[in-house]
Amino acid sequence: MTRNPKDFWTGLIYIFFGSSAILIAREYGMGTAIKRGPAYFPTILGGFLVAIGMISVIRSFIVAGGPIGAFTFKGLALVSVSVLVFGFIVRSTGLAVAIPLLVVISALASSRFHWRPTLIMAAGLTIFCVLVFVKGLGIPLPIIGPWLGG
């Protein structure tokens, strides 16, 4: 059997999602490397996921590792709630509120939660997302939403 159950199951999850992306992308045109079609990116990304998954599964038989930890409903619930909250409030409150809430709520799922690194991560991620997505890519998301007078 495997010597590292974490790597084994992680690898299978990567293989599953990568294969799914490749299969779904078959419905669309691939295009070429110069003029990419809608299937190009999901196929390439799916291929990378399958490759990483295969490496992880093979590694699980070679390198010893610890057992899989217990399932925590609290973690699953808080991360899911954080994503839902972000989706519901991002257009009305803006990225300056939605991203920090996403980070803080999901960080509460950790047993090693501390306020200082969480707030630093929230601030850094907010700045990064505003610069990349709003300023760089021009995605029409408000930085400060209409609820806050933006």
Side-chain angles (χ1 to χ4, degrees), residues 1-31 33 36-137 139-143 145:
M1 192 61 194
T2 98
R3 298 178 67 199
N4 190 337
K6 285 182 184 179
D7 280 355
F8 179 77
W9 290 107
T10 301
L12 288 183
I13 290 169
Y14 277 130
I15 291 169
F16 171 77
F17 282 107
S19 299
S20 298
I22 292 169
L23 288 173
I24 292 169
R26 289 179 22 183
E27 301 288 321
Y28 304 107
M30 179 64 99
R36 296 173 198 94
Y40 191 86
F41 181 72
T43 302
I44 298 298
L45 182 61
F48 281 133
L49 286 174
V50 168
I52 291 169
M54 290 172 64
I55 291 167
S56 185
V57 167
I58 292 167
R59 184 177 184 270
S60 75
F61 291 101
I62 299 168
V63 178
I68 296 174
F71 177 79
T72 60
F73 181 75
K74 174 189 167 190
L76 176 65
L78 284 171
V79 170
S80 298
V81 165
S82 71
V83 172
L84 290 172
V85 167
F86 176 84
F88 284 126
I89 70 169
V90 69
R91 293 222 181 260
S92 54
T93 64
L95 291 173
V97 173
I99 292 175
L101 271 177
L102 170 82
V103 172
V104 169
I105 295 170
S106 59
L108 288 169
S110 173
S111 60
R112 297 176 290 180
F113 173 80
H114 294 289
W115 278 105
R116 187 169 193 265
T118 300
L119 294 176
I120 291 170
M121 175 62 81
L125 192 59
T126 301
I127 293 167
F128 175 79
C129 287
V130 166
L131 291 175
V132 170
F133 296 111
V134 177
K135 301 299 181 187
L137 296 174
I139 294 177
L141 285 173
I143 297 169

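All residue numbers in this chain count up from 1 along the given sequence.
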Atom CE of Met121: over 12 foreign heavy atoms under 6.0 Å:
no
To the nearest 0.5 Å, how far apart are CG in Asn4 and CH2 in Trp9?
13.0 Å
May I ask you to check whether over 12 heavy atoms, not counting those of Phe8, lie within 6.0 Å of atom CZ?
yes
Heavy-atom neighbours of Phe61 CZ exceed 12 at 6.0 Å:
yes
Indicate yes or no for a side-chain donor-acceptor contact from Thr72 to the backbone of Lys74 under 3.5 Å, with no hydrogens or angles considered.
no
Is the backbone of Ala77 close enough, under 3.5 Å, to the side chain of Ser80 for a donor and an acceptor to pair up by distance?
no
Candidate list Leu131, Ile127, Thr126, Leu125, test side chain to side chain contact (heavy atoms under 4.5 Å, CB included), partner Cys129, passing option
Leu125
Test your reading of the model: is there a side-chain donor-acceptor pair from Ser106 to the backbone of Val103, 3.5 Å cut-off?
yes
What's the spacing between Ile22 CD1 and Leu45 CG if we round to 0.5 Å?
9.0 Å
About how many Å separate CZ of Phe113 and CG of Leu108, when rounded to the nearest 0.5 Å?
4.5 Å
Are the side chain of Ser82 and the backbone N or O of Val79 linked by a donor-acceptor pair below 3.5 Å?
yes
Would you check if the side chain of Ser56 reaches a backbone N or O of Gly53 as a donor-acceptor pair within less than 3.5 Å?
no
